[in-house]
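For reference, the structure is listed below as structure tokens.
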Amino acid sequence: MKEMKQEGKMFIFTAPSGAGKTTIVRHLLKHYDILDFSVSATTRSKRPHEIHGKDYYFMSVAEFNQRIESDEFIEWEEVYEDKYGTLKSEVDRVWESGKHIVFDIEVKGATNIKYMYGDRCKAIFIKPPSLEILIERLTNRNTESASSLKKRIARVKREMTYQNTFDEVLVNDMLEVAKKEAEFFVETFIYGRPFDEEE
Ligand code: 5GP
């Protein structure tokens, strides 16, 4: 594994829900020791497989609001009536450990972080091959109630309009290809070229 030669960077993965960004983010984190995940804070309830401190910092609305008051967030947004936010302490934690940060966040938060960190940050919009396929994936996921699914679909349509504001658009048609493309973005952003192109 190479030493980090430069200051810490950021990779923001954003997408309409169901576009497969979490799968791609997990792949990258497993593949590169030099990356670490920005664990967001949220007021939504923990799903059975999730771990506090690894997937999210789960907290009450009161605690979240108190942290907003104390200016502890870089950004936060309301998503489907819950709050999600990136804590300043997460960015410090990852950069102080000598790694680069990976975010898995929705489009508005992604836009805000990109605006704040500019060239230190590569913002990648993951796009499903089509809206129809995305709706099908969301429906098949079976994690949502009918009303929640309806809200998610409406949001997806809105989020698709943001794609051109990011540094890269990655179409997640065939997952293996999308993973390779994401690897290319990471390697070229950190080292200026893919690893295997070294003399
Ligand atoms: P889920 O509840 O499915 O885990 O996440 C819902 C949405 O919130 C996803 O699009 C996820 O990427 C986004 N999200 C997670 N953490 C953050 C965050 O810290 N800030 C923002 N703006 N969005 C987040």
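In this chain, residues are counted from 1 in sequence order. Just so you know, ligand 1 is whichever comes first in the structure, and atom 1 is the first atom listed for that ligand. Quick caveat, the model's predicted, so the values are computed rather than measured.
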*Consider ligand 1: state whether an atom of it lies below 4.0 angstrom from any non-hydrogen atom of Lys21.*
yes
*At what distance is the nearest protein heavy atom to atom 20 (N) of ligand 1, and which residue and atom is it?*
Glu75 OE2, 2.7 Å
_Counting only heavy atoms closer than 4.0 Å, does ligand 1 sit against the backbone of Arg155, its side chain, both, or neither?_
neither
*Where the closest heavy atom to atom 23 (N) of ligand 1 is concerned, which of Glu90, Lys83, Glu106, Arg44 has it?*
Glu106
*Residue Lys88 excluded, over 12 heavy atoms near NZ under 6.0 Å*: yes
*asked:* As an exercise, identify every atom of ligand 1 less than 4.0 angstrom from a heavy atom of Ser40.
replied: 16 (N), 17 (C), 18 (C), 19 (O)
*Would you say Asn140 has more than 12 foreign heavy atoms packed within less than 6.0 Å of its CG?*
yes
*Report the hydrophobic cluster partners of Tyr56, with the cluster defined as I, L, V, M, F, W, Y residues connected by side-chain heavy atoms closer than 4.5 angstrom, directly or transitively.*
Phe58, Val79, Tyr80, Tyr84
*Is Trp76 near ligand 1, meaning one of its heavy atoms is under 4.0 Å from it?*
no
_Is the positively charged end of Arg67 above the ring of Trp76, judged by distance under 6.0 angstrom from the centroid and angle within 45° of the axis?_
no
_Heavy-atom pair with the smallest gap, counting every atom of Ala178 and Asn172_ = CB-OD1, 3.6 Å
*Quick one: which of Ile124, Thr111, Ile12, Ile126 gives a side-chain contact (heavy atoms from CB on, under 4.5 Å) with Phe166?*
Thr111
*Report the nearest protein non-hydrogen atom to atom 7 (C) of ligand 1: residue, atom name, distance rounded to 0.1 Å.*
Val79 CG1, 4.0 Å
*Looking only at distance, does Glu77 have an N or O less than 3.5 Å from an N or O of ligand 1?*
no
_Identity and distance of the protein heavy atom lying nearest atom 2 (O) of ligand 1_ = Tyr84 OH, 2.5 Å
*Approximate separation, where rounding is to 0.5 Å, of Tyr32 OH and Ile190 CD1*: 8.0 Å
*Apart from Ile133 itself, what residues make up its hydrophobic cluster, given side-chain heavy atom links below 4.5 Å?*
none
*How close does the nearest protein non-hydrogen atom get to atom 3 (O) of ligand 1, and which residue and atom is it?*
Arg47 NH2, 3.4 Å
*Write out the residue and atom name of the closest protein heavy atom to atom 4 (O) of ligand 1, then the distance separating them to 0.1 Å.*
Tyr56 OH, 2.6 Å
